[in-house]
Colleague: 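After the structure tokens below, expect a handful of questions from me.
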Amino acid sequence: MIPSSLWIKHLPKDWLAKHCTSIPKCKQAHAVLLRAAIFHDNHFASKLISFLAVSPSGDLNYARKIFSHLDSPDVFIWNTMIRGHAKGPNPSDALSFFYLMVHSGVAAEHHTYPFVLTACARLQAPELGMRFHGETVKAGLESDVFVLNSLIQMYANCQCFEAAHKLFDGNPSRDIVSWNVMIRGYVHGGLCQQAFDWFEEMKAKNVGPDAVTVISLVSACSRLGDLERGRSLHSYSSELGFLTNNLKLSNAILDMYCKCGDLVSAWNFFNEMDERDSVTWTTMISGLANSGSFQEALELFGLMQREKVRPDEVVLVIVLLVCARLGALDQGKYIHLLINRYKVKRDIVLETCLVDMYAKCGALDFALQIILFSAFGRVIVVSLAGCSLPFDSLEDFNVVYVP
DNA sequence: CTAGGGTTAG
């Protein structure tokens, strides 16, 4: 048998980095590390962990599992775990990892703070963010542009605009991202006019703006239903060439036309797009559905199928709602079949929509079947329309009205 | 290795 230390030398140096591109491949890499008895080597484990924790097609739980077997993770690995959790569904886990790291004797550094501050921003926890702010000052990191921008973002997203301004005003380290996070914070808090004012000031000062700036402003127009301003941001974007190779901006503009009720412009824009992803399709389909064009929404979903775009849970929710609205049982059953065929993640929203669709289509036996086999125990069926509900708060429940 | 963006029910 080849000694493991020799065997691993035959792997190209970047084998792991290139290899960790999907969950099954990570499992292989994991096995290789175990066999080669280098699983506890931070250098190798960190490649695995960074894919699993940070990549959108990763798996945070798997990353945690691997992490828990490491003897003494270095600061890079800790940062990666904090980063993954800050962006994940439970940002407070990022803070738990931060405290675990500090308690294990590994000191936070300039890479660490942007991640914990992101977690604070998402948790709307400015008091906690202020504590980290203090730590960055003590560590002399406040002028690091990454730390600075994540501090501004944290305050702006928590609607602490005075604190955000204090950091922003006249700060020599600030850049285009500092402007963008301020604007984003205003839009997030519904203060859209302030966001537009900042945009004007930016242009006056010859800073940026870039595609990210425009996305925030376009989404402000969607919220306000401000078609005129949305349209002018659209032409502004094409003039400056922001629309080429920027699906996120294109999707935001498409959504803006839909939310502003201009389905004709939306449809034209959709047809002119040279690249579309599942969000593009979802946005257009939901635009049709929300404007009452239920049949057209289903037809476009059919086209999406023929174009072989994998439906995600969001678009399935929308078409299920359409089926419920139309009482289209056969189409609804077909959507149910697609959910199984594509192994779409069945979250509580999707599950509830399935129950809702079957119930509204009069197929109560199917609706009950879903409830019986549901992984979510809190799906409630209220079997008579108009009856009052015996709960003070519906937050913990998903209620389905059966007509 | 790091910061900022779009779609989601009842």
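Hydrogens, waters and symmetry mates are skipped; everything else that's a heavy atom, side chains included, is used.
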Colleague: Quickly work out the Leu254(A) CG to dT7(B) P distance and round it to whole Å.
Modeller: 11 Å
Colleague: For the side chain of Asp277(A), starting at C-beta, report the closest nucleotide among dT7(B), dG5(B), dG6(B).
Modeller: dG6(B)
Colleague: Is it the case that the side chains of Thr283(A) and Asp255(A) hold a donor-acceptor pair, with the cut-off being a distance below 3.5 Å and no angle test?
Modeller: no
Colleague: Please identify each residue that fulfils side chain to side chain contact (heavy atoms under 4.5 Å, CB included) with Cys353(A), with sequence neighbours left out.
Modeller: Val317(A), Leu320(A), Leu321(A)
Colleague: From the options dG5(B), dG6(B), dA9(B), select the nucleotide whose nearest atom is closest to the side chain of Val317(A).
Modeller: dA9(B)
Colleague: Of the candidate nucleotides dG6(B), dT7(B), dA9(B), which contains the atom at the shortest distance from the side chain of Val279(A)?
Modeller: dG6(B)
Colleague: Roughly, in whole Å, what's the span from CZ in Phe269(A) to P in dG6(B)?
Modeller: 16 Å
Colleague: Please determine, for the side chain of Thr283(A), which listed nucleotide (dG5(B), dT7(B), dA9(B)) has the closest atom?
Modeller: dT7(B)
Colleague: If you look only at pairs with a residue in residues 118-162 of chain A, which of them pass as a ring pair (Phe, Tyr, Trp, His ring centres under 6.0 Å), with sequence neighbours excluded?
Modeller: Phe98(A)-Phe132(A), His133(A)-Tyr155(A), Phe161(A)-Tyr186(A)
Colleague: Could you state the atom-to-atom distance from CH2 of Trp281(A) to C1' of dG6(B) in whole Å?
Modeller: 18 Å
Colleague: Output a table of nitrogen or oxygen pairs between the protein and nucleotides 1-4 of chain B separated by less than 3.5 Å.
Modeller:
from, atom 1, to, atom 2, distance (Å)
dA3(B), N3, Asn149(A), ND2, 3.0
dG4(B), N2, Asn180(A), ND2, 2.1
dG4(B), N2, Asp210(A), OD1, 3.4
dG4(B), N2, Asp210(A), OD2, 2.8
dG4(B), N3, Asn180(A), ND2, 3.4

Colleague: Check Lys166(A) with Glu162(A), please: is the shortest side-chain N to carboxylate O separation under 4.0 Å?
Modeller: no
Colleague: Using whole Å, report how far CD1 of Ile339(A) lies from P of dA9(B).
Modeller: 15 Å
Colleague: Rounded to whole angstroms, how far apart are CG on Asp255(A) and C1' on dT7(B)?
Modeller: 7 Å
Colleague: Starting from P on dA9(B), measure out to CD1 on Ile348(A) and report it in whole angstrom.
Modeller: 14 Å
Colleague: To the nearest angstrom, how far is Ile253(A) atom CD1 from dT7(B) atom C1'?
Modeller: 15 Å
Colleague: How far apart are the closest heavy atoms of Ala86(A) and Pro91(A), and which atoms are they?
Modeller: O-CB, 4.0 Å
Colleague: Before accepting this row, confirm whether a basic side-chain N of the pair Lys138(A)/Glu135(A) lies closer than 4.0 Å to the acidic partner's carboxylate O.
Modeller: no
Colleague: State whether Asp262(A) and Arg231(A) are salt-bridged, where the test is any N-O pair (Lys NZ or Arg NE/NH1/NH2 against Asp/Glu carboxylate O) under 4.0 Å.
Modeller: yes
Colleague: dG10(B) P sits how many Å from Leu321(A) CG, rounded?
Modeller: 5 Å
